[in-house]
Every structure is written in C-alpha cells, then in structure tokens.
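I have placed the structure first, in the form of structure tokens, so that the comments after it can refer back to it.
Numbers restart at 1 for each chain; the letters A, B, ... are given by sequence-line order, proteins then strands. Only heavy atoms go into these numbers, but all of them, side chains included; no hydrogens, no water, no symmetry mates.
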Amino acid sequence: MTDFKELIKKQKYSVFIVILFLLFPLISPSDYITHVMVLIFLFAAMATAWNVIGGYGAQVSWCHATFFAIGAYTSFLLFLRFNISPIISIFAAMIMSFILAMIVGYPSFRLRGVYFSLATIAFAEIVKTLLLYFTDFTGGANGLMLPYKGASLMSLQFKTEIPYYYISFVVLALLIFVTWKFEKSKLGYFLKAIKEDEDAAESLGIKAYKVKLTAFALSAVMISIVGPIYAFNISYIDPIGIGHLDLSIKIGTIAIIGGVATLWGPLLGAIIIIPLSEITNALLGSTRGGASTAIYGLILILVIIFKPEGLISLFDKFKGRKKDKKLKVR
Amino acid sequence: MLLGQTIINGLMIGGVYALIAVGLTIIFGVMKIVNFAQGEFLMVGMYVTWLLYKAIGGSPYLLIPPVIVIMFIFGLLLYKIVVKPVVGKGDTAYILLTVGLSIFLQNVVQLIWGANYFSIETTIKTEAIQMGDVSIQLPRLIAFIGAIILVGGLHLFLKKTDIGKAMRATAENSQVASLLGINPSRSFAIAFAIGVVMAGMAGVLLTPMFYVYPRVGQLFGLTAFVVVVLGGLGNITGALFGGLIIGLVEAFTASYVALDLAPVGTFVVFLLVLLLKPEGIFGGGVRKT
Amino acid sequence: GSEQTGEEAEEVTVVKIAFMNPLSGNNADAGQQDLNAAELAVKHINESGGIAALNGALIELVVTDTTSDPTQAQSVAQRVLSDEDIVGIVGTGISGLTLPILPIAEKNEVAMITNSISNDITSQGYRYVFEPVPKGNMFGETQVDFLKALNEEFNLGIKKVAIVYENSAYGVSTAEGTKARAESAGLEVVVNQSYPQGFTDASSLVTTVKQSGAQAIFPVAYTTDAKLIINTMKSMDYNPLIIGGGAGFLWPAMGEELGDNINGLLSVASWNWDSKNISSNPELAKIPEDYEAEFGEFMTEHAGPTYSFVWMFKEAIEKTGSTDSVVIRDALAEMTFENTPAALMQPGITQFGDDGWNVKTHPVMIQWQDGKPRTIYPVSDASSDIIVD
Amino acid sequence: MLNVSNVHAGYGDLKVLFDVSIDLQDGEVVSLVGSNGAGKTTLLRAISGLIPVTSGEITWYDKSMTKMPAYKIPELGIAHIPQGRGILSTLSIRDNLLLGGYIKSARAMREERMEYVLGLFPILRKRINLLAGTLSGGQQQMLAIARALMMNPKLLILDEPSLGLAPIIVDEVFNIIKRVSKEEGVSILLIEQNLLQALSASDRGYVLETGQIVMSGSSDELFANKDIKKAYLGI
Amino acid sequence: MEKILDIKNLDKSFGGIHAVNNVSFAVNKGEILGLIGPNGSGKSTCVNLISGVYKPDSGEILYNEKDIVGMTVPDRANIGIGRTFQSPKPFSNLTVFESVLTIALLHNSMAKAKVKANEILELTELNNVAEIKSGKLPIEKRKWLDLARILAINPQVIMMDEVMAGLNPSEMEESIKLVKKVNKQGITVVFIEHVMTAVIKLCNRVIVLNEGTVLSQGNAKEVMKEEAVIKAYLGGGYKDA
Ligand SMILES: Nc1ncnc2c1ncn2[C@@H]1O[C@H](COP(=O)(O)OP(=O)(O)OP(=O)(O)O)[C@@H](O)[C@H]1O
Ligand SMILES: Nc1ncnc2c1ncn2[C@@H]1O[C@H](COP(=O)(O)OP(=O)(O)OP(=O)(O)O)[C@@H](O)[C@H]1O
Ligand SMILES: [Mg+2]
Ligand SMILES: [Mg+2]
C-alpha cells in the first residue's frame, strides 16, 4: 500500500517536472535563457547516447563528436545541395552513422579497455582530417553556413528559440526512452555482464564482440540524431568546431559528472555543466582571458575528487536518508 | 635526396614524439592513468624553461638540472593535491581529473602570462648539420639524442634499480606491493613525478623549436597517445621506437602522399597496429586465466 | 547634437557596445590584441568628452569571451544581445566564430563590425554585418602584384613560385587568391600545398618546396607554423624570397623570435600601423604610439581595425544622435569615414557597399625594418622604402 | 610477540570481525581455522594493515602496530602471503624474489637468501628469468612462499597455502613450513582448510566463526574436540 | 559408450613451455570424469583449449563428433560446453538473480528466462541470496553462482576447474552433493581437482596429466594406487586414500 502511494507521489513529481519543462518557454525571461535550455537538452541527449556504450558498457568512446558531426554534415549537405529537409535527412544521418560505427567498431572492439578508447581517438582524427581535406565537398576549414531563409519546420529554421526548445526536448525524451528500453533489453543485460567480466560472459555464450558492436552502433545512431538539430540551430558547422576531440570529451565529461550507467545522470550532468560554462563565462569572461575556463577546469577536478561516482549519487544519499528517517520514526 | 631527407625528417621528429610519449607511458604503466594532461605538463615545462632562461640566460640546454628539480617538485605536489585523492576511484575518474587538469593548467598559464607567444633567442634554433644534400636541424638532433638518453636511462632505472622494480610491482598490484614493504603511494608519487619530469625535459628540448604559449601542449597530445599505444602501453623503450615509427610514417605520408594527410597516415598505421598487434609492436603477453 | 526633444524620458549616460572576441582557447592571442585596442578606443573617446550628441554620454564596452568554440560564441552572443541597450558589436576576428554569431546579430537587429577576412561573411545576405577589412582573396592579389613590381624594378627574374598555406578558413581563402593571380600573371606555381594547422614539423614541407626550385614562396601561416617554416628554411639553407601571407609573419612574437634576422622579411597585411593615411596625419599617428606605449608592442593588424570600429559606432551615434541599433546600422551603411580615427583603414577612407564590405580598402605590403613592420607597397600607402640586400 | 586484542574490523559498512583476540609467541606455529567467510583472511589483513582496525589493539613485542600503514609492517619482520598468492605476474621470477628482499633489513643478504629459497624450490631456479605470470597455479604458490622467505621474517603469515596445490606439493609445502619454523625459528600464523594438516603442523589453534573466536587451545585439544571433528572433518 | 568430447593429439606451447603435449582422451556422455595431475601439468590449459580461450597448435577436439577447433568461445558455450574458472568471476554489480537471468536470456524470452533463472537458483540453493550483489557473496557461494550461470546455458558438459579449492570438509560435502545433482540432470562433468577425497567421491574415471602428457587413466581408486601417479602427483600422504 505504502509502495503504491509512494509511486504516485513519485509520478506526481515527474509529471510536475515535465509540465514545468513544457511551460518553461512561456515564462522564460529571454531567448538566451531558452537557448541555454536548448543546449542543455542537446548536450544531455548527446551524453545520454554516449552513456549507452561509455557508461553501461564502460567502453569509453572519444569519437562521439564524430558521429554527431556526421549527423550534422549529412543533414547540412543534403539540405544545401539538394534541398532535402533535415527531418528526412536525419534518417540518412542515422544510416551513415550506423555504417561508420560498424567500420570503427569492427577493428577496435577486438581490443579491450583503453585500446578501444584510443582507437576511437584515431578514428575521430581521421574523419576530422578528411572533412578538412575534401574542401570542395565539405567546405573544408571554412565550414558550412546555413543562410536564414525564414521560419519553417521542414528546414528547421525559426525566428525564436522556442520551437528548438520543444524539438530538442522531444529528442532528449526520445533518447532517454530508448536508453530506458535498452537498460531492460537483452542487449542491456548482456552489455552489463560484459562490463563486469568479459571472460566470464564469453565463456557463458555472450558474444561480447557483437554485443559491444551493436551497443556502439546504437549509441552512434542515437547521437547522430542530435547532430542535425544542433547544426540547424547554430546554422554553422565546421570540422574543428564539431568534429574535435574536445567536443567528445565534453560529451563524456557531462555523462561522467552526472553519473555513468544511470538513466538520469547525463541529464543531470548537462544541467550542471552547460549553465556552469555559461555562468563562468558571463561572470569572468570579460576579465583577463582564461579565468572562466580555468574555473571550469577547477570545478571538474573538484567534482571528481569529491564525487567520483557522479553527482547523481547525491540523490541516492538523499533517498537513503529519507528512508532512514522514516525507519527511525517507526 | 628526398628519400634521405625524409628519413632524417621522420627520425628527428620521431625523437620529439618519443620524448613526450615516454612520460605518458610511465604514468600509464605504473598508475594506469590515461593522462590527458601530459601535453600541459610539457607546456608547463616550456614555461619553466622560458622563465629560467629569462632570469639566467645562457644555453637552454644548461637549464636541464634546475628544470628537473622544479618539475619533480611540481609533479609531487600535483600528485599529493589532486591525484592522490582520486587513486583507486576508477578509470573514468582519472579521465575527468586529467581533462580538468589540462583545462585548468592551460588557462591558469594564460591568466598569468597571457595568450602571447614567447621564444628564447638562441642561435642554435636555425643551425643545421649538412650531410651532402641532407640537412639535420641541430635542435632536433639534440632532442633526438636527448630522447634516446632519457628513454635508455629510464628503462635501466625501472629494470635494474629497486625503486624501479618497486614501481613496477606497485603498478601490478599495490596491495601485494605493500605486503613486501613497498609504499605504494610513494611509488605512484615517483612515477607521476617522473612522468612530469619527462615532460619537463621535453619542454627544455622543444623550447628552441616551438613558441612557448598556453596551448603548445595540444600540438603533441594526440600523437603521444598514438606513440604510446604503438610501443605498448607502459613500455618505455616501446615509446622510443613508437615515436620513431610515427615520425617516419608522418614524414613519408607528407613527402609521398599528401602533406595534409600526414595525420591520417599516422592514425591509419595506429589502427592497423591495434588490429594486428594490439599489445603494441613491442608488447609481450601474460597468461590470461 | 541635433534633435533634442525635451520629452525624452531619460537621458542616456552610457552607450553600450559589445565586444566579442576569443579571450581563451586557440585564438586568444588575437582576441587579446583586439581587446587592448577596443579598450584604448573607449578610453580615448571617453577622455575626450564622450559622445557629444548625447550630452557627453560615455561608451561602455561590454566585454565577452566568445572562447574559440563556435557553439559557445553563439550562446555568448545570445546572452549579450538579450541586453536591449547594446547598440553595436565589435568583433570577431575569427571567421569561424563570426559566422555563427551573424544570425543572432541579424535576429536582434544589432550591427556587427568584424575584422574577419573570410569571403563568406558578406556573401550571406546579412544586413547587420560590416567588414571594413580587405577580403581574403585580395591578399594574394596584392602579393603577386608586389612580386611583379619587384621583378620589374630590381630585375629579379622570379618565375617559379610556391604557395604553402595552413588548412584553415583564413589560409584557404588567401591561397586561392594568390594562386589565381599568380597564374594570370604568368608565374609558374610549382608548389601549391596546404598543411595541417598546428603541425609539428615543417621539414617535409620545406623539403618539397626546396626540391621544386621555387624562387619565391608565399607562406600563409599562423604564429607557430610560421616560426617552424621560417626556421626550417633557414636551417635547410634554403633562402628564396619570402612573401608572407600576413598573420604569423606580422606577429610581434615573430620579431622577438628572429631578433635582427627579422629585418627584411616581407608580408602582406590587412592593415599596418604606419600606412601613409596614418603616418601623414599627426592626430592619427598618435594612436599607434599610444597603443605601443600602453601595451609594449606595436599596434597589430588585429588591433588597428578594431580600434577604428569603436570609433565608427561613435561617429554613427554622433551623426544620428540615436541609440537605436537599427538607426545606427542604417547610418553605418550610408556614412563615409574619412580623416578620423574611424578611418584608420588604408587608404584613409572607409565606405560600405551593399553587402557591408568596405569598397575602398585593399591590403598593403610590409617589410620588417628595425624590428617593426613598415608599409612599403602600394606606393600610395607606403611610408618607407623597400630595402634590398 | 604478536598480540591482537579485542579487534573489530570490516569493509566499509560491512563489519566482519567482532572483538577478536589472539596471541602468538616466539617460534610458535599457530593455525586459524573456520568456515568460509568466517573472517580469517580479514583478520590477517587487519594484522598486516591492509584494512583499518575500527577498534581494538594489535601489538608487536608490546609496541602498538594498530595504526601502522601496511608497507611498514614487513620491516617489523612480518611476511604475509595473501590468499590467492599475490605474485607479480608482469615481473620475472627473479625480480619477484628480489622484491621479497626489498625491505632495508633484508637487502644486505639478498643473494644468500636467494640461494637458500631456490634450494627449497628448484623449479623456480629453472624458470628464474621468465615472467611469474607464466607459472601454473601451484608453481605460483611456491614462488609466493619463496618470496616471503626472502624477507627473512620473524613471523610468516600464510593464508591457505595449500589452495590449488597437488597433494604431493601440499606435502612439500607443509614440510617446508615445518622446516622453516624449525631451522630458522620463524613463527607461523597459518590459515588452512585442511584441518588435519593444519593442526598436525601447528602447536596451537584458534577457531573463528562469523567473526568471533569460538574456541582455542593446543592442537591436540582441538583435534580431540567432538564439535570440531563434526564441523570440519565431517565425522 | 557414447563420447561427448573426444580429444585427439592436442598440442599447445607457450613460448618454450610445452603445456599440452600430444594429449588424447575422451569424455563419455553422462559421466563425471576427473582430470588430475600436478601443478602445471596442463589441466587448465586443456580446459582453455576445449572452451576456446586458446587455439591449439595442433590436434582435434570433437564435440558430439564435430570438430570445434575453429569455433569462438561464445559459440562453444552456446552449443553446450560450459566451464568454470579457477578463481570465480562474478558479475559483481549484478545481483545473483540478474546474473543468472542474463545468461538465461541468451536462449529464452524475458518471461521464460525469469522462470528459468528462478528454477536454477532453487536447484543451486541460491534463492535466499537472489537479490544480493554477486560481488558481495562469500567464496563458496560465488563458486555456486558460477555453476548456476552455466546451468542457464543448457550445458551438455561442464568443465569445473578446482571448484572445491578453499572449502572446508563440510562445505565440500555440500558442493559434492550439488555436483552430483547437476550430473543427475544428464550433464556430463569434467572435474579438475587437487582434493582427492572429492575426486574419489565423485569420479567414476580419472585421467592423470603430467608435464602435458597423459600419465594414466582409468578407475579413480585404481589409478591412485599406481606407482607413477603416486610419485608424480600424490606423494606419500595419499597411499592409504
Ligand atoms: N598463457 C600462458 N603463458 C605462458 N605459459 C603458460 C600459459 N598458460 C599456461 N602456461 C604454462 O603451461 C603449463 C600448464 O599450465 P596449466 O595452467 O594448464 O596447469 P594446471 O595443470 O592447471 O596447474 P594447476 O593445478 O597449478 O592449476 C604451466 O607450466 C604454465 O606455466
Ligand atoms: N574486499 C572485501 N570487501 C567486502 N567484503 C569482503 C571483502 N573481503 C571479504 N569480504 C567479506 O568478509 C567476510 C569474511 O571474509 P574473509 O575473506 O575474511 O573470510 P575467510 O574466513 O578468509 O573465508 P575463506 O575461507 O573463504 O577465505 C565475508 O562475508 C566476505 O564476503
Ligand atoms: Mg580466506
Ligand atoms: Mg589450473
């Protein structure tokens, strides 16, 4: 009985939070704040995608920015060259990412642990260099620019940030839902077993290679959905800006700070990191260069020293304490 | 001439890569930390060199002893203050820590000395040895020789001295090490500090070739990873050969394929090695179950 | 002051101009020079009585760090422009950061004056962007024209040239211009080679160029790469005529790096501190002097234009007496700047075309003399003679 | 020499040992028996400083070593061979042995000790330059014992040394344990599942059950005890 | 008698060490076969060869008359070859139930796998610790959990590498019962053990390896009386076993 009541209570919270999120743009003080929310959603979505392989599988990938970039470039090029709506080309982006994930995963999952991570760095560098090299096709270092042609859903261009807000909210919700499904799927269970002990898992018939590859591809496809939304929102892409290791690290960092292998960790990470870099920039950006970014680095260090398992664990404690209290009352 | 010059180009820059990779590999070897801040340690080493040079002058190479001392202390302090609290908290913790450290160091340095480019006025930087058609740039030759000496010395240190063996023991199992009377924390501290000192040495040897500025470490960060894997993670001599191989691959890709694609050449070789010989070209194996 | 309507609700006492440039990350060094210049301009304006049309209202520079990341640059722009009082934007000097900011400026109807030189900036149809500096492709043209002039005057007989450039927006657009002009000028481009930005070894590059037998080389490179290329050429004992493509070859650090050896080095520049329009006007000549006194280095091609941008806004406000950003934009589009600190760009007159680009300007050639870059070409801008040894 | 009194210890929230007291005299061989998970290993780890003692006191010749960090304890003359052997598989067998004599007090006579232990375990001599990781389970156990002896310890702590050893080797190991205690006067604290062998090799024994000492006495006494026979011998 | 595994002329060297040298033996369907021998005689290596962790240098491994040398580790598990490791390898952060469930999912739908996992936990008497994290289990329970997981693959043969090590005699009794129970289900067992009492209680037949070759094979009690076996393996203490 009490369980049931608690469940309702919990649901109440999440329903309340969802409604709050849905109404937010109406009360948002400025387009800027809305834009920051869009960034939070998009980065949370990316970190959620990363979490599938990097968290649940503990296969730390440093090429997720590349899949993101693949998504962005695919949709941009198809739109600029053939006027194909990003809503359609998102599927092309997913297919491209899937294929590339297979190409990277195929050799690198023969290796375990840190080797895989380093292989992903190599792959990311190769793709970045190629994007720079094939200038005629990709615009090279100049990047690609999307001129504003008036608001339209088909071309994902809007006068304000509000439509992006809802779109990115939906994308995030979708990816969290996929992760939730994945957690409970066979694939999810197999991956968790592999994470714990790969030798044992294999000896019991789990095809670790295939499972990791599948999860990696899933994760890559997930993040490639975010690419087009982000690219159209920012309306400019270039290989250094979105295909760089720095971005991959940022994505991973968000998931880790929030808490890996948890459903809500990546969102929490984004809620903290994105405003943090905005706030340090706003407060200290006008002083001598470096201060804001240095503080940002310092905070990363502090978080990891004091909460290495991710900030989501704070909530565990909170929950635990509540339980304890109840027990005492009884 | 092109062939000869290409080989020389490759070997010389390879020595530079080895210098940076060797610090990375010892930290990984002993502490299992994939250190994303190694490039920044190099950067700090270059600033230290530059500051000392401004204060003392002379030849930058004469600054090696004080730089060793300063970097060793810097390494110990870093270990005590930020690394030690994280020891044993897992790979992802190390990743975040070193990423954070790298961002922090880069920007603190910028905060203090600005984003300017500094250099030291030594005449050696444009000197070269001419061998027929082939020319060898003197600073690179010195860095190359320096790399060989440092790698050799470090290798002997780890293989032959008790402290070196103790560090390897700690690397494998710190609890067992402590049962043998080895202080694991001391091993870690020394390994970390040596990694930082190696970056400092690289800093001295690179200062004549590169500007000193906050992001200079980024020039080498990725290549160093590749070199380390190629040589076998944690393998000191492997780092030297890995560095030379990457240098050669880069030089040959640049000369014979396309200059722009030199990084692609490097990373393709890297992926091939991962595929064919994942324990690194010089790695050995230990039984599994 | 013109139309004082006593009904104005409140008097304007400060006018906010946003400064957007990278103060951290890859491009922080250029950003810092920009910031120095902008702050100096504000200081000069405010000390000389502020904006007369607004009863001496002072200019406040809203300084922001775009970082070197396009995403962050965009959200910084959003944040800053959510302040309705901003009348205009100065920045950025990096095309990759300017491009994502443009749509934001457009949406908010605030004019941005930029010193990025990419050809893309004014070709997007945006109305709120102004680009007073020469375009990337013009640099090459100036370099080649200069080489032709040299060939004629000193009978150098240079036929074979090499173009090497970093693979960046800046490098690519500059090199494109050089190549096209060189070919049409009958020069043989024996090497046309890009290299990855931030490379660690110029040996292969220099080996290739040396082998090609090029008599002159047009390198387009940022600071570190420029240093590598120059030093490697020296140590490989390869001494062709070097005509730098700006950027790294104009950096104060380059002067320090090479010491006395820097003297004689040639480069194209989007702006130089001693072009005739400045050096011949004592009022203007004081500006680079003040800058040098204050910051310890000569006024760079980043700093100079940025300084004048602040003044352009000032003059536009003076002219209209308005702090409405739309009004100011329209004023900028129509005004002609001449003989004022707003007209530092050579040849001393600045006027924007329909696309927002300054139709009057062109690059200059400089030569390092006595440790500083001096303008030597075109003759109409030159303040010093070329020295040949 | 060793005195453990009223010790409580565990792993984080998990308490394993409750008020455990044991002592050990010079030259004695004492065994510690008890079912799986009783806390035997935990007690040894507490003695060696691998886990903190939450309350209670451990003394060595009347000097407290309760708070001493693990790496200082070998200097006292205590060598601990952990459960699962703890050999260093990426180092050669020679280096494993040399590190056995890493502590200051043992360093001077490393060469002699090396000869001595290689005499005890000839198989190690044959493979001296190979990586320790290439040894089979039993061979690794021998290496672990040999390495501990390199320290020239006063007290040897052994955690299930016969685990995974062929019967003939088990005999050998016990012979060596006896020999070491006789020839060198080394005291021995031994955990062993094989009660028969454990008690026949030792002077005294303690029985540990769910973290508490439930019985102690001379080996003969314990051996004669009916409860023990029932629990550990299945008789 | 029907052979489930037939090993022919198996060879495996590591560097200079000839760990398994021309070994041939067969495992009959339904039996409990003891694989004994001194330390380093190649027992674990045999297990690793059969389960696919190592590739043999030469020789054949027939499983139900089919050569399986080319197959991967998981493929071999999926056709019914199970093994435990000398030291247990739990999925530490999964609960006991989840660990078994995960493996059961390989061959079943979610609903069926849950039922199956519960059945197995019942059989292995782990149901009272079902919700505990595997990493928190004491040693002997970990060994049982290893076995429980293997049962979830529907094994035809299980190779147990020293499952009795570290157990005291009464715990060993329990484990022996469990092994018997498993065998009763028609699962063939290859039993590697140094504890002779367990070997004698469980095995109908033993194979003795020594220095990578088969030293002897046959009825457990008889083999143990052989001089060569005593000399190489058992030593004096077991003459009267
Ligand atoms: N991966 C490996 N690398 C090198 N040598 C190995 C490897 N695996 C096994 N060996 C060697 O092969 C031989 C057989 O080892 P194996 O582990 O099969 O023995 P075992 O019979 O299981 O012994 P134990 O009863 O001690 O476990 C040993 O000499 C061992 O050192
Ligand atoms: N590292 C650890 N972390 C948490 N709990 C542990 C740890 N090591 C042991 N335990 C728990 O402590 C209890 C006692 O374990 P201990 O290893 O001391 O038993 P033991 O008597 O040595 O048993 P065995 O005969 O199996 O070696 C067990 O319940 C065990 O699960
Ligand atoms: Mg134990
Ligand atoms: Mg074995």
Report, as yes or no, whether the 6.0 Å neighbourhood of atom [atom1] on [X] holds more than 12 heavy atoms from other residues, nucleotides or ligands.
X	atom1	answer
B/K84	NZ	no
B/R186	CZ	no
D/E183	CD	yes

Do you know which of D/R147, D/M151, D/M150 has the most heavy-atom pairs with chain B at a distance under 4.5 angstrom?
D/R147
Most contacts with chain B, counted as non-hydrogen pairs under 4.5 angstrom, among D/I103, D/I78, D/L91:
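Option with the greatest count: D/L91.
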At what distance, to the nearest 0.5 angstrom, does [atom1] of [X] lie from [atom2] of [Y]?
X	Y	atom1	atom2	answer
B/E172	D/L88	CD	CG	5.0 Å
B/N173	D/I87	CG	CD1	10.0 Å
D/I73	B/L179	CD1	CG	9.0 Å
D/L99	B/T170	CG	OG1	8.5 Å

Minimum heavy-atom distance between B/G181 and D/P74, given as atom pair plus value
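Residues B/G181 and D/P74, closest heavy atoms: N-CG, 3.3 Å.
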Can you name the closest pair of heavy atoms from B/I182 and D/Y71 and give their distance?
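Here B/I182 and D/Y71 meet closest at O-CB, 3.1 Å.
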Below 4.5 Å, heavy atoms only, C-beta onward: do B/S178 and D/L50 meet side chain to side chain?
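With C-beta onward as the side chain, the pair touches.
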What part of D/R94 is in contact with chain B, defined as an atom under 4.5 angstrom from a non-hydrogen atom: side chain, backbone, both or neither?
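Contact with chain B: none, neither part.
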Summary of salt bridge (charged side-chain N to carboxylate O under 4.0 Å, His left out) pairs that have at least one residue in residues 124-137 of chain D, sequence neighbours excluded
D/E115-D/R125
What pairs meet the ring-ring contact (aromatic ring centres under 6.0 Å, His included) rule with one or both residues in residues 88-127 of chain D, with sequence neighbours excluded?
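Counting only pairs at least two positions apart or across chains, no ring-ring contact (aromatic ring centres under 6.0 Å, His included) contact touches residues 88-127 of chain D.
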Salt bridge (Lys or Arg N to Asp or Glu O under 4.0 Å), paired with D/D95, selected from B/K160, B/R168, B/K159:
B/R168
